[in-house]
Protein chains: 2
Amino acid sequence: MSRQQSPSIKMVADRAGVSVATVSNVLNGKPTVSPDFARRVNDAVRELGYVVDLSASRLRSRKAQLAGVVVPDLTNPMFASFVSTLEHLARLADYDLVVVSARNNAEEEADRLRKIRAWRPAGLIVIPCDGAFAERLPDGFFAPVVLADRIPDAAGFDLIAVDNGPSAGAVAAHLDQQGYEDCLVVGTSLLISNIRERWEGVCASVKRMRVEMLEIGIDDAHGAQLLEERLRHRPLPGALFSLDQGTTLLTYCTMAEIGLSVPGDIAFASFDEMEWMRLVTPGITTVRQPVEEMAEQAWALLLRRMTGSAGKPVTRRLRCAVEIRGSTPRNPLEEAGKLKLGGRKWKLQDEPYSPE
Amino acid sequence: MSRQQSPSIKMVADRAGVSVATVSNVLNGKPTVSPDFARRVNDAVRELGYVVDLSASRLRSRKAQLAGVVVPDLTNPMFASFVSTLEHLARLADYDLVVVSARNNAEEEADRLRKIRAWRPAGLIVIPCDGAFAERLPDGFFAPVVLADRIPDAAGFDLIAVDNGPSAGAVAAHLDQQGYEDCLVVGTSLLISNIRERWEGVCASVKRMRVEMLEIGIDDAHGAQLLEERLRHRPLPGALFSLDQGTTLLTYCTMAEIGLSVPGDIAFASFDEMEWMRLVTPGITTVRQPVEEMAEQAWALLLRRMTGSAGKPVTRRLRCAVEIRGSTPRNPLEEAGKLKLGGRKWKLQDEPYSPE
DNA sequence: AGCTTAGAATAAATCGTTTCACCAGAGTTT
DNA sequence: AAACTCTGGTGAAACGATTTATTCTAAGCT
């Protein structure tokens, strides 16, 4: 099987009757080429179906026009959407993107970070698996890195994230205002900074309502067991607030399983919006994160860094939208409109960086 | 800002006191190098934090170890899962993957296909936007291509897809058996081969039940209007079967909006499983596609092609699982167990290729 | 000892581009 | 007319790795 070769720039040059340098100049839009030669080159390119070889081009020019993206899990719709937006933006800026998933595993993430250096990317956008990201970044890595969504333990990184505290606080305040006596707050682990920020936001904003934190860990089976134990225990809390995507689904199913009705037996709210939350009856009150905007901000920042802007690390917090649905209001009348906290425009605000 | 350079193989060679060729030999596991030299090289590599430059490596070695993936939309969970599985498999085989999304747009797909050639991938896995894929594949493309999920109009491609006809047929037979008089089948367009196969499967397997096809097109607003029109018209069909992901969500919402209850007023089933379908009450009867297995098969096939296996194009059809839930059974007693069509293992079957 | 052979390391050629230094010729200035 | 600037084009040197061909050394055989 004689695998046919792609045509090279030399073949184009021969066919057009010019030098390879001229072909290169035409292809890269150098202004010093006469229209006549340009036409001949373009014709030859078209006839041969020539496409530049990125390896050779990158090697010689030493300009990458390439950025790396590392996410914890591509199957998570939020991250998928993040990547999809980035991909679009990168294309507009004429950059290529190398996307890898760490499959929710810090070791794999470290491995990907090491391997991705082989591409010589001009920059990196990373949603870290956990706070210990800094330790996993290889020493010799000199390209700019922008972190997104998850807050690292160490300072010194550019960061685009959401305002976890205030948003979670808004939900808690809403529950408080509805008159629930106590609220069970569920999350994987307070060691994850996002969860910690959300929990602190809840604590900071409740007035009358008692709140109680339950960490169910990363293992689904074990978490479900812990949760069921607590939910079978009396007194049942008046409300439940789940702080991340994984626990939300688990919680929702567990409640259904042991026959708790929402919001009759218990009110239910969730951080992280998922599609089904507006489909079930009643709809689930959630905090919707501005994923697309997060991607836009991360890209804009990385692009600035890649094109040489130095300066102190920047932290930006984006506003989330709180979407009140049927799963939380006590008075069905209020559900209709006046509780609509959502709909405020997500707004950007710069903050000085302050770790943990 | 003096951007520091990555160390090159030459620097490693100097530090280890050997030639670059020896360094290359060590790094690529060539057997003809003494343990002593190997150690010295490895030490130097570690000390400098050296990582190979893929551009240079590829350019010289002319072996790609790189495959391209083109999907219509990364935010679709099914495709995201497909890509995620591929990424994992590729890594196991020590391949890199470059992933691009066509954003549901045939022109963008054509553009991506053109651009992706610059990477000189050893092969391509594509989920095409539509049947006219062959026209969009650039002429000079000589790497093997494996198509997945969507059936192209033209023959001559390796293809991994699901058994649309039989699976849709199984759902139709179930509805028929439940005694529904007539069934409205909804899909975007019969021009899309998957939808056509599903519709034909429905037609082929119903005995008593009358079936009626409604094509609602790709535009959501217009589709919703068509659908609402039909659902307000009397007589209302006894059952509704939605043939693809997009229409399913639309249909479900439209039914809710005009106050139809499922399955009281109308039974409801869907091709394409989504997460929420087991969360809503009643659960939605669906056809679950074996996405991971589709990815595995596609990768296995591409790998064979990339390593030189020639031979006629292969078509493989994977079995779907039919998941009966509360949205369709007439007799709630039957819901419990005996209707469980699901659970049969997905099985692989080779078929001669037959276009259209 | 003389001749072959195998093993281990290297020098140099090479992959397909981009870029740099240079050149021929036309036009312009002194 | 000699000495300049442009202008549009080219040959050849990189880029950083891999591969090929070559050298050198030491061991193995008569």
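Keep in mind that the numbers below use all heavy atoms, side chains included, and drop hydrogens, waters and symmetry copies. Labels below follow one simple rule: chain letters A, B, ... track the order of the sequence lines, proteins then strands, and each chain is numbered from 1. Remember, predicted model here, so these are calculated numbers, not experimental data.
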Undergrad: Measure across B:D130 and B:A106 and return the closest heavy-atom pair with its distance rounded to 0.1 Å.
TA: OD2-CB, 3.9 Å

Undergrad: Both A:L59 and A:K63 contact DNA chain C. Which one's nearest nucleotide lies toward the 5' end?
TA: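 Counting from the 5' end, the first nearest nucleotide belongs to A:L59.
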
Undergrad: Strictly below 4.0 Å, heavy-atom distances to any atom of DNA chain C: list the hits from residues 16-30 of chain B, or just say none.
TA: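 Heavy-atom contacts with DNA chain C come from B:V18, B:S19, B:A21, B:T22, B:N25.
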
Undergrad: How sharply is the helix from C:dA1-D:dT30 to C:dT30-D:dA1 bent, taking the axes over five pairs at either end and rounding to 10 degrees?
TA: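 Axis-to-axis angle, ends of the helix: 60°.
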
Undergrad: Whole Å only: how far is the CZ atom of A:R117 from the P atom of D:dG16?
TA: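 About 15 Å, once rounded to whole Å.
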
Undergrad: For B:M11 and D:dC15, what is the distance between atoms CE and P respectively, to the nearest whole Å?
TA: 13 Å

Undergrad: Without decimals, in angstroms, what is the distance between B:W119 CH2 and C:dT17 P?
TA: 16 Å

Undergrad: Of all residues at least two apart in sequence or in a different chain, which pass the side-chain hydrogen bond (donor to acceptor under 3.5 Å, both in side chains) check with B:S8?
TA: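 With sequence neighbours excluded, B:S8 shows a side-chain hydrogen bond (donor to acceptor under 3.5 Å, both in side chains) to no residue whatsoever.
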
Undergrad: Look for any protein N or O under 3.5 Å of an N or O in nucleotides 6-8 of chain D and output each such pair with its distance, or none.
TA:
none

Undergrad: Only pairs at least two apart or in different chains count here, so list each salt bridge (Lys or Arg N to Asp or Glu O under 4.0 Å) that has a residue in residues 57-72 of chain B.
TA: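 Residue pairs passing salt bridge (Lys or Arg N to Asp or Glu O under 4.0 Å), neighbours aside: B:R58-B:D96.
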
Undergrad: I'd like to know if the side chain of B:E296 pairs up with that of B:T85 as donor and acceptor (distance under 3.5 Å, no hydrogens or angles considered).
TA: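 Result is no, nothing qualifies.
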
Undergrad: What is the distance, to the nearest angstrom, from the NZ atom on B:K10 to the C1' atom on D:dC15?
TA: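 So the NZ-C1' distance, B:K10 to D:dC15, works out to 14 Å.
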
Undergrad: Nearest heavy-atom pair of B:A102 and B:E108: which atoms, and what distance?
TA: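 In this case the closest contact between B:A102 and B:E108 is O-CB, 3.4 Å.
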
Undergrad: Return a table of donor-acceptor pairs under 3.5 angstrom between the side chains of residues 27-34 of chain B and protein atoms on other chains or two or more places apart.
TA:
residue : atom : partner : partner atom : Å
B:N28   : ND2  : B:S24   : O            : 2.8
B:N28   : ND2  : B:S24   : OG           : 3.2
B:S34   : OG   : B:F37   : N            : 3.3

Undergrad: Would you tabulate the pairs of protein nitrogen or oxygen atoms and nucleotide nitrogen or oxygen atoms of nucleotides 22-26 of chain C closer than 3.5 angstrom?
TA:
none

Undergrad: Write down the distance between CG (B:L54) and C1' (C:dT17), rounded to a whole number of angstrom.
TA: 17 Å

Undergrad: Indicate yes or no: does B:R39 engage B:D36 in a salt bridge with an N to O separation below 4.0 Å.
TA: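 Yes, B:R39 and B:D36 are salt-bridged.
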
Undergrad: Would you please name every residue forming a salt bridge (Lys or Arg N to Asp or Glu O under 4.0 Å) with B:E135, sequence neighbours left out?
TA: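 If we apply the salt bridge (Lys or Arg N to Asp or Glu O under 4.0 Å) test to B:E135, skipping adjacent residues, there are no hits.
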
Undergrad: Which residues satisfy the salt bridge (Lys or Arg N to Asp or Glu O under 4.0 Å) test with B:D14, sequence neighbours excluded?
TA: B:K10

Undergrad: Would you please name every residue forming a salt bridge (Lys or Arg N to Asp or Glu O under 4.0 Å) with B:R114, sequence neighbours left out?
TA: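 In terms of salt bridge (Lys or Arg N to Asp or Glu O under 4.0 Å), with neighbours along the sequence ignored, B:R114 is linked to B:D111.
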
Undergrad: Among B:I127, B:V126, B:D158, which residue satisfies the side-chain contact (heavy atoms from CB on, under 4.5 Å) criterion with B:L147?
TA: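 Only one of B:I127, B:V126, B:D158 forms a side-chain contact (heavy atoms from CB on, under 4.5 Å) with B:L147, namely B:V126.
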
Undergrad: Rounded to the nearest 0.5 Å, what separates atom CG in B:L137 from atom CG in B:L124?
TA: 7.5 Å

Undergrad: Kindly state whether the ring of A:W299 and the ring of A:Y95 have centres lying under 6.0 angstrom apart.
TA: yes

Undergrad: Got a sec, which residues hit salt bridge (Lys or Arg N to Asp or Glu O under 4.0 Å) with A:R117, two or more places apart in sequence or on another chain?
TA: none

Undergrad: Rounded to whole Å, please give me the gap between CG in B:D14 and C1' in D:dG16.
TA: 14 Å

Undergrad: Among A:V23, A:D43, A:T22, which one satisfies side-chain contact (heavy atoms from CB on, under 4.5 Å) with A:V12?
TA: A:V23

Undergrad: Any N or O donor-acceptor pair under 3.5 Å from the base of C:dT17 to the side chain of A:R60?
TA: no

Undergrad: Of all of residues 40-50 of chain A, which get a heavy atom below 4.0 angstrom from DNA chain C, listed by number?
TA: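 Here the set is A:Y50.
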
Undergrad: Of all the heavy-atom pairs spanning B:S101 and B:P72, show the shortest one and how long it is.
TA: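 The pair with the smallest heavy-atom distance is OG-O, 3.8 Å.
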
Undergrad: Quick one: which of C:dG16, C:dT18, D:dA17 gets closest to the side chain of A:D53?
TA: C:dG16

Undergrad: Is B:R58 near enough to C:dG16 that one of its side-chain N or O atoms lies under 4.0 angstrom from OP1 or OP2?
TA: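 So the side chain of B:R58 is outside the cut-off, no N or O lying under 4.0 Å from OP1 or OP2 of C:dG16.
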
